[in-house]
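Taking it in order: structure first as structure tokens, then the write-up.
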Amino acid sequence: MFRFLVRLVLTALALWLAAAIVDGINLYGDTAGARFLSLLLVALIFTLVNTLVKPIVMMVGCALYVLTLGLFGLVVNALMFWLTGWVSEKLSLGFYVDGFWPAFWGAIIVWLAMWVMDLLTPRREVEA
């Protein structure tokens, strides 16, 4: 459970980074605490979207992955990011993604940030 919470906070930080860098990804809130709580909820939605919806889209678009040598994955990641923004907007969480291209660049930034954070977090050793 602790590992999940740490991963959720790291995802929230990656989403904040994307909102800070990319025009078209907006984060709203009256206070820093409200924005942070909003980011945690959006990170939870992002995790759910990637866990539940993305595998279905990948299975349906399997031929496109093969035809494009995996580049279709960038489009799928952008669509999942955009869907996260849409759900967050409908739930009035203060996170908005204004179109495909901001979602595309935001997804790349979140992926890169999560990759770097994953490299920096210590691994738990498995006992044999």
Side-chain angles (χ1 to χ4, degrees):
M1 183 65 165
F2 179 72
R3 188 167 170 83
F4 174 75
L5 291 175
V6 168
R7 187 89 175 153
L8 193 67
V9 169
L10 293 177
T11 304
L13 291 173
L15 289 167
W16 171 80
L17 185 63
I21 293 174
V22 178
D23 286 335
I25 300 175
N26 302 309
L27 178 63
Y28 302 103
D30 296 335
T31 64
R35 286 191 298 273
F36 183 72
L37 181 61
S38 174
L39 279 172
L40 284 177
L41 293 172
V42 173
L44 183 62
I45 292 169
F46 187 67
T47 302
L48 289 173
V49 165
N50 280 320
T51 303
L52 301 175
V53 179
K54 188 175 181 179
I56 296 168
V57 173
M58 288 175 66
M59 188 172 56
V60 171
C62 183
L64 289 173
Y65 275 92
V66 173
L67 288 173
T68 63
L69 302 174
L71 291 177
F72 185 66
L74 295 172
V75 173
V76 170
N77 287 341
L79 292 175
M80 295 304 107
F81 195 86
W82 199 3
L83 178 61
T84 300
W86 180 79
V87 170
S88 300
E89 182 185 9
K90 293 299 178 190
L91 295 175
S92 300
L93 294 178
F95 187 81
Y96 175 70
V97 180
D98 186 29
F100 176 79
W101 289 111
F104 179 83
W105 294 114
I108 288 176
I109 289 170
V110 168
W111 176 80
L112 283 172
M114 293 303 293
W115 178 68
V116 168
M117 287 184 232
D118 193 44
L119 289 175
L120 297 176
T121 55
R123 300 252 183 238
R124 191 174 63 173
E125 293 187 26
V126 178
E127 295 179 18

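Just the heavy atoms: all of them, side chains too, but no hydrogens, waters or symmetry mates, feed the values below.
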Grouping I, L, V, M, F, W and Y whenever their side-chain heavy atoms are under 4.5 Å apart, do [X] and [Y] come out in a common cluster?
{"X": "Leu71", "Y": "Trp82", "result": "yes"}
{"X": "Trp115", "Y": "Val110", "result": "no"}
{"X": "Val53", "Y": "Val60", "result": "no"}
{"X": "Val6", "Y": "Leu15", "result": "yes"}
{"X": "Trp16", "Y": "Leu112", "result": "yes"}

Just so I know, are the side chains of [X] and [Y] near enough to count as touching, which here means a heavy-atom distance under 4.5 Å?
{"X": "Met117", "Y": "Thr11", "value": "no"}
{"X": "Trp86", "Y": "Val97", "value": "no"}
{"X": "Val49", "Y": "Lys54", "value": "no"}
{"X": "Tyr65", "Y": "Met58", "value": "yes"}
{"X": "Met114", "Y": "Ile109", "value": "no"}

What side-chain donor-acceptor pairs closer than 3.5 Å can you find for residues 20-38, not counting sequence neighbours?
residue	atom	partner	partner atom	Å
Thr31	OG1	Ala34	N	3.1
Arg35	NH1	Gly29	O	3.0
Ser38	OG	Leu93	O	2.1

- Note on the structure: In terms of heavy-atom contacts, Ala78 and Ala103 come closest through O-CB, 3.4 Å
- Item | Phe81 versus Ala18, closest heavy-atom pair with distance | CZ-CB, 4.3 Å
Just how far is it from atom [atom1] of [X] to atom [atom2] of [Y], taken to the nearest 0.5 Å?
{"X": "Leu52", "Y": "Thr47", "atom1": "CG", "atom2": "OG1", "result": "10.0 Å"}
{"X": "Trp105", "Y": "Phe100", "atom1": "CH2", "atom2": "CZ", "result": "10.0 Å"}
{"X": "Phe72", "Y": "Leu79", "atom1": "CZ", "atom2": "CG", "result": "7.0 Å"}
{"X": "Met80", "Y": "Leu48", "atom1": "CE", "atom2": "CG", "result": "13.0 Å"}

- Query: Yes or no on side-chain contact (heavy atoms from CB on, under 4.5 Å) for Leu39 and Val9, after CA distance, side-chain angles and deciding distance?
  - Reply: CA-CA 9 Å; Leu39 279 172; Val9 169; over 6 Å; no
- Plane angle bin for Trp101 and Phe104 - parallel if under 30°, tilted between 30 and 60°, otherwise perpendicular: perpendicular
- Taking Asn50 for the side chain and Phe46 for the main chain, is one N or O donor matched with an acceptor at less than 3.5 Å? yes
- Pairs flagged by side-chain hydrogen bond (donor to acceptor under 3.5 Å, both in side chains) wherever residues 90-99 is involved - sequence neighbours left out: Tyr96-Asp98
